Undergrad: 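My structure is below; once you've seen it, I'll send some questions.
Just so it is clear, the model here is predicted, and its values are computed rather than measured. The chains referred to below are lettered A, B, ... by the order of the sequence lines, with proteins before strands, and numbering in each begins at 1. Quick note: numbers below take in every heavy atom, side chains included, and nothing from hydrogens, waters or symmetry partners.
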2 protein chains.
Amino acid sequence: MATADPDRPGFVLPLLLLAGFRTLIDDLHRELARQGHPDLRPMHGFVFQAVGVGGTTATDLGQRLGISKQAAGKTVDRLVALGYLERVDDPSDARRKLVRLTPRGHDGLRRSAVVFDQLRAGWAARLGADRVAALEDDLRAVTPADLFRLDVPGWFGG
Amino acid sequence: MATADPDRPGFVLPLLLLAGFRTLIDDLHRELARQGHPDLRPMHGFVFQAVGVGGTTATDLGQRLGISKQAAGKTVDRLVALGYLERVDDPSDARRKLVRLTPRGHDGLRRSAVVFDQLRAGWAARLGADRVAALEDDLRAVTPADLFRLDVPGWFGG
DNA sequence: ACTGTTTCGACAACCACGTTGACGATCGTA
DNA sequence: TACGATCGTCAACGTGGTTGTCGAAACAGT
């Protein structure tokens, strides 16, 4: 019941996970800023992924991201103001408004994917590809699969 | 330069890191709420660690957490209002106000450490202790050591 | 001893991101 | 046609951050 190892108290694990996430996100946005997207913020990339090439609605976006439809709507507002998303009326349902990537949004999404791949490759170069894959497998094993609705069509451009 | 493996695009790595972090934090606070601390929020545990048993000041707290002194001050305000921290005048410097854990704060800190250890033990039971240790080693290797000032005295009760 | 610089905590204004609750408009159906 | 569910939006609020300013206190140099 006591700490298994005094040099590895339990709370360094969440700290390291957060540090790993923040490192990737900070590197991503440093690079995106260099590539003409200085106003993109952490999590906007995830929104782009969730919107996907086919577009979505605010309510659906909220469900995919695990947040309320109001919060999703406000995030869409900001990205519309920045020129990354646009709202168009759904011809088949006057209540709905489709949220779609603008050309600038597509550019940001594509660049995000490339940079993330490069960052992962950097980790693989430092740790070994097998260690990175093992890290992902282990994390998959201890996290709920639907925490970020990874299985929802729309992620991965599916 | 292309994705090494179509089933592992680069952006699942940050997603998994975030999911791992959120899983631990959510589990922690679910358990802390059961143990009489329902108003503790994500990151309060980190603040407790940063304050430490010896206490600190708002400015120093901000430096340890990597945020502005004003943000640290506001967080202290909230935790004072909740009864977890207290401010006392520094007799040797009238400008400074020492921030210290109250008995309730000490209780929260102790319980957080215990629960985090239990959660880490749960991961070790599922993945194997060696995999968890490898995961931590790998993350240490790819994250800047000072991202959360892990070396600052005060963390780890040091 | 006085003066100028630095540091500390606080205040104000602001922004990003999230929450609930309500509500009008629209859709689908009994 | 009337009713219930759904969509987007508005309002109010909470939390966790930011920058800028400022008075009070400490410190260093002349």
Side-chain angles (χ1 to χ4, degrees), chain A residues 18 21-22 25-26 29 32-33 37-48 50-51 55-82 84-100 147-149, chain B residues 18 21-22 25-26 29 33 37-51 55-82 84-100 147-149:
Chain A
L18 180 58
F21 173 74
R22 282 196 41 171
I25 295 298
D26 289 352
H29 288 92
L32 285 180
H37 294 282
D39 41 12
L40 242 28
R41 322 227 343 103
M43 178 211 63
H44 285 174
F46 296 147
V47 174
F48 291 166
V51 170
T56 347
T57 65
T59 294
D60 182 56
L61 182 61
Q63 287 173 341
R64 291 189 191 188
L65 297 176
I67 60 179
S68 66
K69 61 178 182 177
Q70 294 93 329
K74 283 203 274 188
T75 297
V76 171
D77 285 343
R78 292 173 205 119
L79 287 171
V80 167
L82 290 173
Y84 288 100
L85 297 179
E86 61 182 355
R87 272 188 250 248
V88 300
D89 290 338
D90 184 337
S92 70
D93 187 337
R95 294 170 307 178
R96 313 179 85 207
K97 289 191 182 161
L98 276 305
V99 176
R100 287 193 318 208
L147 188 51
F148 289 104
R149 278 69 175 185
Chain B
L18 180 57
F21 173 74
R22 280 195 44 172
I25 296 297
D26 290 352
H29 287 91
H37 295 281
D39 40 13
L40 243 27
R41 321 227 345 102
M43 177 213 62
H44 285 173
F46 296 148
V47 176
F48 291 167
Q49 293 287 346
V51 170
T56 181
T57 66
T59 295
D60 180 58
L61 182 61
Q63 287 173 339
R64 291 188 191 188
L65 296 176
I67 60 179
S68 66
K69 60 180 182 176
Q70 294 91 332
K74 282 203 277 187
T75 297
V76 170
D77 285 344
R78 294 177 200 116
L79 287 171
V80 166
L82 290 174
Y84 287 100
L85 297 178
E86 60 182 357
R87 272 188 250 249
V88 300
D89 291 337
D90 184 337
S92 70
D93 188 337
R95 294 171 306 177
R96 313 178 85 207
K97 290 192 181 158
L98 276 307
V99 175
R100 287 193 317 207
L147 188 52
F148 289 104
R149 277 71 173 182

Undergrad: What parts of residues 91-99 of chain A reach DNA chain D, counting only heavy atoms under 4.0 Å away?
TA: A:Arg95, A:Arg96, A:Lys97
Undergrad: Rounded to whole Å, how long is the line connecting atom CD of B:Gln63 with atom P of D:dG17?
TA: 16 Å
Undergrad: Within the supplied structure, the quantity of interest is the number of heavy atoms (other residues, nucleotides, ligands) at a distance under 6.0 Å from A:Arg87 CZ; does it exceed 12?
TA: yes
Undergrad: Given side chains that start at C-beta, do those of A:Val47 and A:Tyr84 come closer than 4.5 Å, heavy atoms only?
TA: no
Undergrad: Donor-acceptor check, side chain of A:Arg64 to backbone of A:Ala50, threshold 3.5 angstrom: yes or no?
TA: yes
Undergrad: Measure the shortest side-chain to side-chain distance between A:Leu82 and A:His44 over non-hydrogen atoms and say whether it is less than 4.5 angstrom.
TA: yes
Undergrad: I need the NZ-P distance between A:Lys69 and C:dG21, as an integer number of Å.
TA: 13 Å
Undergrad: Give a yes/no answer on whether the side chain of A:Thr59 brings an N or O atom under 4.0 Å of OP1 or OP2 in D:dT6.
TA: no
Undergrad: About how many Å separate CG of A:Leu32 and CZ of A:Arg41, when rounded to the nearest 0.5 Å?
TA: 12.5 Å
Undergrad: How sharply is the helix from C:dA1-D:dT30 to C:dA30-D:dT1 bent, taking the axes over five pairs at either end and rounding to 10 degrees?
TA: 10°
Undergrad: Check the interface with nucleotides 13-18 of chain C: list each N/O to N/O pair with the protein under 3.5 Å, or write none.
TA:
unit_1	atom_1	unit_2	atom_2	d
C:dG18	O6	A:Lys74	NZ	2.3

Undergrad: Can you tell me how far OG1 of A:Thr75 sits from CG of A:Leu65, rounded to the nearest 0.5 angstrom?
TA: 7.5 Å
Undergrad: To the nearest 0.5 Å, what is the distance between CG on A:Asp39 and NE2 on A:His29?
TA: 10.0 Å
Undergrad: Atom CG of B:Asp90 and atom P of D:dA25: how far apart are they, to the nearest Å?
TA: 14 Å
Undergrad: Quick check for you: to the nearest 0.5 Å, what is the distance between B:Met43 atom CE and A:Leu18 atom CG?
TA: 11.5 Å
Undergrad: Could one point to a donor on the side chain of A:Gln70 or the base of C:dG21 with an acceptor on the other under 3.5 Å away?
TA: yes
Undergrad: Give, for atom CG of B:Leu85 and atom CG of B:Leu98, the distance between the pair rounded to the nearest 0.5 Å.
TA: 12.0 Å
Undergrad: Are any non-hydrogen side-chain atoms of B:Lys97 and B:Asp89 less than 4.5 angstrom apart?
TA: yes
Undergrad: What integer distance in Å separates B:Leu61:CG from C:dA10:C1'?
TA: 16 Å
Undergrad: Under 3.5 Å, is there a donor on one side chain and an acceptor on the other for A:Thr56 and A:Asp60?
TA: no
Undergrad: Calculate the interatomic distance between B:Asp89 atom CG and C:dC8 atom P; express it in whole Å.
TA: 16 Å
